[in-house]
Engineer: 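Pasting a structure below so you can have a look.
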Amino acid sequence: MDKKEINQGVKKVIGQVLGINKNEIDDNANFIFDLGADSMQSIQLVAAFEEEFGIEMEEDRALEVQTVSGAVDFIAEQLG
Amino acid sequence: MSDSGKQIHDNLHTIFHPESIAVVGTNRTVGTVPHDIFMNILKDNYQGIVYPVSPGANSIAAVKSFKYILDIPDPVDMAVIVFPSSVAHMAMQQCGEKGVKSVIIISAGFREVGGAGIEREKKILEIADKYGISFIGPNCLGVINTDPAVHLNASFARKMPERGNIGFLSQSGALCTAVLDYALAKHIGFSKFVSFGNKADVSEIDLLNYLKDDPETKVILLYLEEISDGRALLNTASNIIADTGKPILILKSGRTTEGAAAAASHTGSLAGSDEICDAAFAQAGILRCQNIEEMFNIAIAMAYQPLPKGNRVAIITNAGGPGVLATDAAIQQHLQLAEFSESTTARFKKHLPKTANIKNPVDVIGDARADRYDAALSAALEDGAVDGALVILTPQSMTDIDSIANKVCEITARHEKPVYTSFMGETDVSSGIDILQRHNIPHYILPESMCTSFSRAFAFQQSLQQKKEAVSPCSDCERESALKIIESAHKDFLTEDIANQILRAYGLPVLDGKLAKSGDQAVSIADKIGYPVVLKIVSADIAHKFDVGGVQLNLKNAEEVKTAYQAIINSVEKKRPEADIAGIYVQKMAAGGTEVILGLKRDQAFGPVLMFGLGGIYVEIYKDVEFGIIPLSRDDMDNMIKGTKSYPLLSGARGRERSDIDSIIDCMRRLSQLALDFPSIAELDINPLLVHSKNNGAAVADVKIVLNKDR
């Protein structure tokens, strides 16, 4: 899976969890500051990424990822 | 006021009086801090405009929401940041770009969690500095202003407090919620209520300075966990008290003795951080409180009633027992029972039954109703020999509690003397207490607390009258000579011969003496300075000379000196074989006198501290010592001496000759100068200072100095 596909998958997940249009999500957007994720939604995002990409994310490290592009890079690294 | 001081003052004024507020990072989730703060501002009837800033919502509680603060079309006076700490800097950056100068950061996760939190706090400070923003927090409960023109509850407290004239500042947010709950139950009102958390930018000093000029605030309460700049706190507090007469009450937690444990001198060991804190607060006129209850007991007395002009109280009671309890407490608290004038006594006789006690405490008898309280209280307050009244009530079957409470309120309002009350009990008296509290009449469950509060209020009133006389600078102290001696010291612990040279340079009364390297040399020195003499071991490795047999007193001739010299050497070599012995100090034996101790220590928060007390080898057992923060006024020094239990030994008790107290004061003045001139002196003990009879001076019998050259 290349980064473009991962990017689309990440935006789809964010759109579903936060209830926003995936096409309006900027690559540099911060989950909390720009997209309005609260603490519960931040945890839900990690779980949804794991399910979408079939990976297991170490929670503390995953929660340090705060932006869309950061999530794409992190998931790409996990997928090897 | 400096430019930066004025900027902080102005920015703080906006925090308390904003015309518009943005709650940055709020959300729709009920029961969360970001949501509840917005709702508190809204529901508690804030008089300005509030904007929710919430990137994930179009509206909060039917109020249009903005994605960013920058999207708000109108100017914003103040921002409350409730975003998590990880993005608080982004919110702060946008506040700066928006031109907001006043911010409260509620979020936790900064310096208090260490590691990355410290970096996050630095980052928001940098942004604040760049844009000239003043901010309260982070990690705090928020701010409340009860002024009806503003009516702001920018906090996540459950309820808005009543309006009042007490300003409350707290480092702990959780304590604030408990205090608010406590105060609500007792109808205690506040002018400003501030939780300042990590005080990364706005400190307690800034807030105290703000409340100094706040016309709504009459009494200031402060809860502190750590004192970052003790000297600034003392200066600010004493200025506020002197300039405005506003009392400052501080509850300071963290009473540790860790600092004292590692000390090498008596002064270091006796001067724990808490003892120094007590002394520092007292010196600045701050009223230190032991707990929340005591703090509010005193606060309501000072906020609700005029300060007592004297300590003569009239106790009015409907029960003998509580009257006696109150009398005991009053006397214990250094109050006096007022002696009524003849006309007052005549009024009592006219209106009270024959069985009533018309002397102080006035017992209006168990069946008294409001008319008797009216007669007794009015007559007492109108007596020139009465400075205040203490009204006690016990609920008996014929007692019309509410009527009496109303009557007390009515009479108090007509007079300019303080009236405190104690309606004893719980259930039956509750409605009466409620009436008193709603009318700002201080009420106490126990007569003892009532007397303590009256006494503290009176002591504060007295301290306002005390004009502190500054001590003259020490013009004959030879700083350069002392500097050379200190600079050439090889070890931190100075031996007695070196320490005496420093004291001599500062004009302290040091006895003649010289270091001897042999028994013959000791005899030759003794012959020169005259008998009797004292011999003392000199070694930088030995702090407690007596413990190793290193001192021989009252040696009257050459033979005794020679024998003593060898005895000391033998004893020390046996008990401390590793000690490096520089020689033996031969010193003139001092004439007898009262043994006192003088000491210096550096306190982390308050700087140089002077200690005075009963001296001698049992100083750490009796612990009869007082502390003062340098610089000290003449009155401060007097108070330190008079504050010790053993003061009568100096002042001439039981036929003793009065000691030369002026010479102690002179030594204190010179030591204070030494401490100010040489921050490298970490600890110093003069123990004992032998104080002779009046006009005959004093003599330093032994001294110990510990340096810390890193300072």
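Excluded from the calculations below are hydrogen atoms, water molecules and symmetry mates; all remaining heavy atoms, backbone and side chain alike, are included.
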Engineer: Taking the six-membered ring of B:F190 (Phe, Tyr or Trp), confirm whether the NZ or CZ of B:K192 is under 6.0 Å from its centre and within 45° of its axis.
Structural biologist: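 Not flagged: B:K192 not positioned over aromatic ring of B:F190.
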Engineer: Heavy-atom distances under 4.5 Å only: say whether A:L35 touches chain B with side chain, backbone, both or neither.
Structural biologist: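 Just its backbone gets close to chain B.
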Engineer: B:C140 and side chain to side chain contact (heavy atoms under 4.5 Å, CB included): which single residue from B:I105, B:N198, B:V194, B:I106 fits?
Structural biologist: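 One option only clears the test, and that one is B:I106.
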Engineer: Please lay out, stage by stage, how B:S228 and B:K199 fare under the test side-chain hydrogen bond (donor to acceptor under 3.5 Å, both in side chains).
Structural biologist: CA-CA 10 Å; B:S228 1; B:K199 49 176 172 170; 3.0 Å; yes
Engineer: With a 3.5 Å distance limit and no angle check, can you tell me whether B:H17 reaches the backbone of B:H13 through a side-chain donor-acceptor pair?
Structural biologist: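 The answer is yes, because a donor-acceptor pair under 3.5 Å joins these two groups.
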Engineer: Looking at chain A, which one of B:G56, B:A88, B:A57, B:G25 has the largest number of heavy-atom pairs inside 4.5 Å, strictly under?
Structural biologist: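 So the answer, after comparing B:G56, B:A88, B:A57, B:G25, is B:G56.
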Engineer: Who are the ring pair (Phe, Tyr, Trp, His ring centres under 6.0 Å) partners of B:F196, not counting sequence neighbours?
Structural biologist: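 In terms of ring pair (Phe, Tyr, Trp, His ring centres under 6.0 Å), with neighbours along the sequence ignored, B:F196 is linked to no residue.
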Engineer: Centre-to-centre under 6.0 Å for A:F49 and A:F74, is that the case here?
Structural biologist: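 Aromatic pair excluded; centres sit 6.0 Å or further apart.
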Engineer: So between chain B and chain A, what donor-acceptor pairs come in under 3.5 Å?
Structural biologist:
residue	atom	partner	partner atom	Å
B:Y68	OH	A:D34	OD1	2.3
B:S86	OG	A:Q66	NE2	3.3

Engineer: Is there a donor-acceptor pair under 3.5 Å between the side chain of B:E121 and the backbone N or O of B:R111?
Structural biologist: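 Side chain of B:E121 to backbone of B:R111, a donor-acceptor pair under 3.5 Å: yes, one is there.
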